[in-house]
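Notes follow the structure.
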Amino acid sequence: MKQWPLLRSLSESLTRTLAPHSLYTLRFLSSATASPTFALKNVTKSNFESSLADLRRHVRDADFVAIDLEMTGVTSAPWRESFEFDRFDVQYLKVKDSAEKFAVVQFGVCPFRWDSSRHCFVAHPHNFYVFPRQELPVDGPSYEFLCQTTSIDFLAKYQFDFNACIYEGVSYLSREQENEMLRCLNSECDDEMSRLWRNMKEVRDMPLVSVADVLFSERMKNRFNEWRKELLQDRKGGSQFLETSNDMKQQFQTIFFKMRPALLLNGFTAHQLRLIQLVIKKHFKDLVYIRSSGDGSYSELIVYIDSDNDKNLFMKEVKDGLRREAEMKIKTAVGFRHVIDLLSSEQKLIVGHNCLLDIAHIYNKFFGSLPLTAEDFVSSIHKYFPYMIDTKILLNTNNVLKHLMKNGSTSLSKAFASLCPQIASSSKNSGLAFQPCVEVEVQVDDMRSSNWNSGAKHEAGYDAFMTGCVFAQACSNLGIDFKKHSSSANLAHNEKLQKHVNHLYFSWVNGDIIDLSTGNRIVATTVHYNLKRRYPKILFSNIVIVWGFPSQLSSKKIRECISKVFGPISVTTIYHLDETAVFVQFSKPELVADFLVLKETLETIQDPISVLHPLSELLEGGNTCAASYETYKEICSSPISKVMFADQAKAVGIKWKTKLVESKEKVKTQEDESFSKENGAADAASDSADKSKTRKIEDVIDNLSDDRISSSEIIDSLYAAQTKLSKHIRTTNL
C-alpha cells in the first residue's frame, strides 16, 4: 500500500502517541485498503445443525447478542397502522395483530464477544432463512400468513432470496405447538398399542368361504411352522426357507426386530394379511403379528416370542420405541426454535433496534399465543428474556448520543453511518480521516477480518450486525470502558446502562416506554419525531371515535358541525383513521357523554327539527356511528381485519349506532333509582321512552357550558327551524 511520506509519518506518530493499549484507535483511512469479500453466514435447513452447534459456542461466550427480523408485512389494514392517538394498550393490540398475521422469513443473530487481548469486539453474524413449513404428518390446517405487497416489494428491492426461504428455510414449532404435538403423538402411540393388543387378542374369526382362502391359510400355516422349526433347531438365527423361488424370497425375509427373529412380509393384500393374523392367533402361541411404522411407511412382521413374559416385555419395547420415534420427529420439527431456546437459556443481553414488533413475533412464533393485554405480555416476555435493550431508546433519550446523531433521524442505517463510519464504509474512505471508534472484527467460520463489510442493508443478519456495532459504540460514548470489562461480568448490570436496560417503546409519539422488569410505564421526556407539536395534548377520556359518516365530509366540516352545537373551542383535534372514521377530541371529558347523548336523541326522534339540526350533516345517510375510545380498543382487539374501519366495526358485530358514556353523577343517580325500585317505586319504571329521550336532550342543553351556544339560542334556533319548515309545508300545499 502506497502512502505519502508526510501522511505516513503523521499516522505513525499518532499511533505511538495514543499507545496500543488504548481502547480507541485513530485509524488512517486509505482508499487503497481492500475490503474482505467473505459473506456472513447464511443458514438454511441443509447446514442448520452444524451452524447451531457453532452458534451455541458463540452465544455462550458472548457479552451480548444482537438480533433483527424480516417479515412478510407490518399492518393488515390501513387503520391498524400506528397513530398518534394510539394509547399504549391499543398500540400493543396492533403489534399483536401484526405478529399473528405475518410471517418471519429471515432472522438475524449476531453474538458479540469482547476480545481483551486484541482490544476489540468479535462479531459472528448469522443470517437464518426461516419458513413455517409443516414437517409433521398431523391432521389439521396448514400454516397460513399474510403478505403485504409493500413489504414483499421492499424485500425484493434488497435482493431477498425467496427461493432459499421457501425451499430451504428452517421450519419451527413454538413451545405451545410442541406440547400439543407431544400430546397428540403420545395419544397416537397409545392408540397404536391398543390396536396391536387387539390384533393379538381379538382377531375376529373369518369364515373361510372360498377354496382360495382355505388353501392360502393352510400354505401360510405350513410356511410359519417350517420357519419356527428352523429357529428352534438353530437358535443362532440366519435360517432360510427351503423354497428358493424368487417369489418366496420377495414375500418373506428373515430379519431381527427388537433383538428378536422376525419375518418381514411383503406383497400381501389387506385380505391376505387378515388371514395371516387369523392363522397366527389359532396355531402359534409363540408368534406375534405386528405392524411397525417407520420413515413414514408401515411394515407387517411376524415376531418370535419366547414366553408370555417376553411378550409383555416386547410390547413395552414397541411402545417405548414408538414414543421415542415420535419425540425425535418433534425434536427435528422444533427447528429454528432451538436458536430461541438458546438465547433464552443463556440469559445474555439481547440487543435490538426499535424491536417491540420483533419481540412480539418471537413470542408468537416460538413460545405461544400472544397474551391478550400489554401487561401480561410484558411480564411473560421478561421471564424468557430477562435482559433486553433497544438501541433506538438509547439514541433518543441520552443527550450525548442525541448530540452525536445531531438530533436527526435515529433509523438503524443512519445510526450506523453516524456512529460507526469506519465500519459502514468498507473502503474506509468516508473522509473522516481520524475517527475514534470501538473496533469490531468479524468472524465467519475460519475467516476473520478487522475490515469487513460484505453484508447488505435489510438483510436480517447484517442488520443484526449493524445493531450490535451501534450498541457497542453507544456504550463507549456513555463512558463504558471495555478494557476493564470482565468476560464473566454481565454487561446488562453495568450502572451506565441501568436507565436503558429492559425499556421498550410502546408508542413513539406519546413517549410510552414500558419497563419490562417492573411492568411500569415511563413517559419519555423527549420524543424524536416530536409529533406532539402537531396536536394538543392527547387526552383519551376526551376522545370520541366517529365512523360511517358521508364520505365527502372533511375534517374541517366535521369540526364545524360539532362546534356549532358545543362551541367554537369545544373540539381540539380531528384526526382521520381513514376515509370512513375520525377521532374527535373534545376540550372537556364531559362533552364526550353530551355529544353521544345528543347524537342518539337526534337519530331516535327524527322529527323536522332534528333534520335541521347542525349535526344533521354529520348524521346524513343514517350510517354514522360513534362511541368512546374504549370501543376503538375493543375493535382493535378483534382478529378480523377489514380494509376500512367502518367495515371492520360491522364485521366485529357492532350493530348499535351510538354507545353512550355516562358521567359519575348519572351513574350514581341510576343506582339511587335502582334502589328506589327495589323498595316499591314501580311508577318510575312506567315512564315512556319518549319522555326519557326528552330528558336526555334537556340534560344536554342544561349542561352546556358558557363557552358554547346558550340554551336559549339552541331552543330559539330549533323553534325558528320548525316555523320555517311549517311555512314551507303550507306553501307546498297551496
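No experiment lies behind these values; they were computed from the predicted model shown.
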Applying side-chain contact (heavy atoms from CB on, under 4.5 Å), run through Q106 and Y129 and close with a yes or a no. CA-CA 5 Å; Q106 210 174 58; Y129 283 94; 3.3 Å; yes

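- In terms of the side chain to side chain contact (heavy atoms under 4.5 Å, CB included) criterion, residue partners of Q148 (sequence neighbours excluded) are, by chain and number, V74, T75, F102, T150, S151.
- Using a 4.5 Å cut-off on side-chain heavy atoms (C-beta onward), D61 and P111 make no contact.
- Ring planes of H458 and F154: perpendicular class, angle over 60° (limits at 30 and 60°).
- Pairing each heavy atom of L155 with each of M71, the nearest pair is CD1-O, 3.7 Å.
- Taking the six-membered ring where tryptophan is involved, the planes of F64 and F112 are essentially parallel, since the angle between them stays under 30° and well short of 60°.
- Between the side chain of N396 and the backbone N or O of K392 there is at least one donor-acceptor pair closer than 3.5 Å.
- Just one of L419, L412, D390 meets the side chain to side chain contact (heavy atoms under 4.5 Å, CB included) condition when paired with L395; it is L419.
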With salt bridge (charged side-chain N to carboxylate O under 4.0 Å, His left out) as the criterion, how do D463 and K457 come out once you've worked through the C-alpha distance, each side chain's angles and the decisive distance to 0.1 Å? CA-CA 6 Å; D463 282 1; K457 285 193 304 182; over 6 Å; no

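- A donor-acceptor pair under 3.5 Å is absent between the side-chain atoms of K496 and the main chain of C475, judged by distance alone.
- Between S638 and D97, the closest heavy-atom pair is O-OD1, 4.3 Å.
- Heavy atoms from other residues, nucleotides or ligands lying under 6.0 Å from OH of Y158 number more than 12.
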Residue pair F645, I635: steps toward the side-chain contact (heavy atoms from CB on, under 4.5 Å) verdict: CA-CA 9 Å; F645 185 85; I635 293 173; 3.5 Å; yes

Candidate pair E70 and V104, rule side-chain contact (heavy atoms from CB on, under 4.5 Å), full reasoning: CA-CA 6 Å; E70 296 296 333; V104 173; over 6 Å; no

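- Side-chain contact between L343 and V65: present, with at least one pair of heavy atoms (C-beta onward) separated by less than 4.5 Å.
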Evaluate the criterion salt bridge (charged side-chain N to carboxylate O under 4.0 Å, His left out) for residue pair K96 and E100; output intermediate values, then yes/no. CA-CA 6 Å; K96 176 176 178 288; E100 291 172 341; 3.0 Å; yes

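- Contact annotation: the side chain of V90 never approaches that of F83 to less than 4.5 Å [non-hydrogen atoms, C-beta and beyond].
- No side-chain donor-acceptor contact under 3.5 Å links S76 and K101.
- Atom CD of Q443 is separated from atom NZ of K41 by 10.5 Å, given to the nearest 0.5 angstrom.
- At least one side-chain heavy atom of V339 sits under 4.5 Å from a side-chain heavy atom of F48.
- Listed by first then second residue, pairs satisfying salt bridge (Lys or Arg N to Asp or Glu O under 4.0 Å) with a partner in residues 114-133 read D115-R448, R118-E441, R133-E135, not counting sequence neighbours.
- Salt bridge annotation for R175-D341: present, with a cationic side-chain nitrogen under 4.0 angstrom from a carboxylate oxygen.
- Listed for the N398 side chain is no donor-acceptor partner under 3.5 Å among the backbone atoms of L394.
- G73 approaches S98 most closely through the heavy-atom pair O-OG, 4.2 Å.
- Checking side-chain atoms of D445 against main-chain N and O of M447 turns up no donor-acceptor pair under 3.5 Å.
- For Y143 and F145, the gap between ring centers reaches or exceeds 6.0 Å.
- With no hydrogens or angles considered, a side-chain donor-acceptor pair links S641 and R80 at under 3.5 Å.
- The CZ atom of F336 sits 11.5 Å away from atom OG of S171, with the distance rounded to the nearest 0.5 Å.
- In this structure K365 satisfies the salt bridge (charged side-chain N to carboxylate O under 4.0 Å, His left out) test with no other residue, sequence neighbours excluded.
- With S51 contributing its side chain and V43 its backbone, the two residues share no donor-acceptor pair below 3.5 Å.
- With a 4.5 Å cut-off on side-chain heavy atoms, V442 and H124 do not count as touching.
- For the atom pair I514 CD1 and S379 OG, the distance stands at 11.5 Å (nearest 0.5 Å).
- Donor-acceptor pairing under 3.5 Å is recorded for the side chains of D376 and T373.
- Taking the charged nitrogens against the carboxylate oxygens, D54 and R57 do have a contact shorter than 4.0 Å, which makes a salt bridge.
- Note on ring orientation: taking the six-membered ring where Trp is involved, the planes of Y387 and H493 are perpendicular (angle over 60°, cut-offs 30° and 60°).
- In this structure the side chain of Y505 reaches within 4.5 angstrom of the side chain of I393, judged on heavy atoms.
- Taking NE2 of H503 as the start and CD of Q498 as the end, the distance is 9.0 Å to the nearest 0.5 Å.
- A distance-only check finds a donor-acceptor pair linking the side chain of Q159 to the backbone of K157 [under 3.5 Å].
- Judged by distance alone, the side chain of K94 and the main-chain N or O of W79 form a donor-acceptor pair under 3.5 Å.
- Here the straight-line distance linking atom CG of N364 with atom CD1 of I362 works out to 11.0 Å at 0.5 Å rounding.
- Note: H126 and F128 have parallel aromatic rings, judged against thresholds of 30 and 60 degrees for the angle between ring planes.
- Other residues, nucleotides and ligands contribute only 12 or fewer heavy atoms inside 6.0 Å of the CG atom of L372.
- To the nearest 0.5 Å, atoms OH (Y384) and OG (S344) are separated by 8.0 Å.
- When the options N127, D161, N47 are evaluated for a side-chain hydrogen bond (donor to acceptor under 3.5 Å, both in side chains) with N42, the one that passes is N127.
- For T72 (side chain) and L146 (main-chain N/O), a donor-acceptor pair under 3.5 Å exists by modelled atom type.
- Checking side-chain atoms of T391 against main-chain N and O of G352 turns up a donor-acceptor pair under 3.5 Å.
- Residues D63 and L349 have side chains not in contact (no heavy-atom distance under 4.5 Å, counting atoms from C-beta outward).
- For W114 (side chain) and F482 (main-chain N/O), a donor-acceptor pair under 3.5 Å exists by modelled atom type.
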Decide yes or no on salt bridge (charged side-chain N to carboxylate O under 4.0 Å, His left out) for E327 and R324, but give the supporting numbers first. CA-CA 5 Å; E327 290 173 352; R324 281 195 300 271; over 6 Å; no

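- Side-chain contact between I513 and F506 is absent, with no heavy-atom pair separated by less than 4.5 Å.
- Side-chain contact check for H353 and T467: no donor-acceptor pair (N or O, by modelled atom type) lies under 3.5 Å.
- When all heavy atoms are compared, the tightest approach of A360 to V95 is CB-CG1, 3.5 Å.
- Aromatic rings from F131 and Y172 are positioned such that their centres are separated by 6.0 Å or more.
- Electrostatic pairing of R56 and E346 does not count as a salt bridge here, judged by no charged N lying under 4.0 Å from a carboxylate O.
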Please step through side-chain contact (heavy atoms from CB on, under 4.5 Å) for the pair L497 and F471, ending with a clear verdict. CA-CA 11 Å; L497 290 176; F471 174 67; 3.9 Å; yes

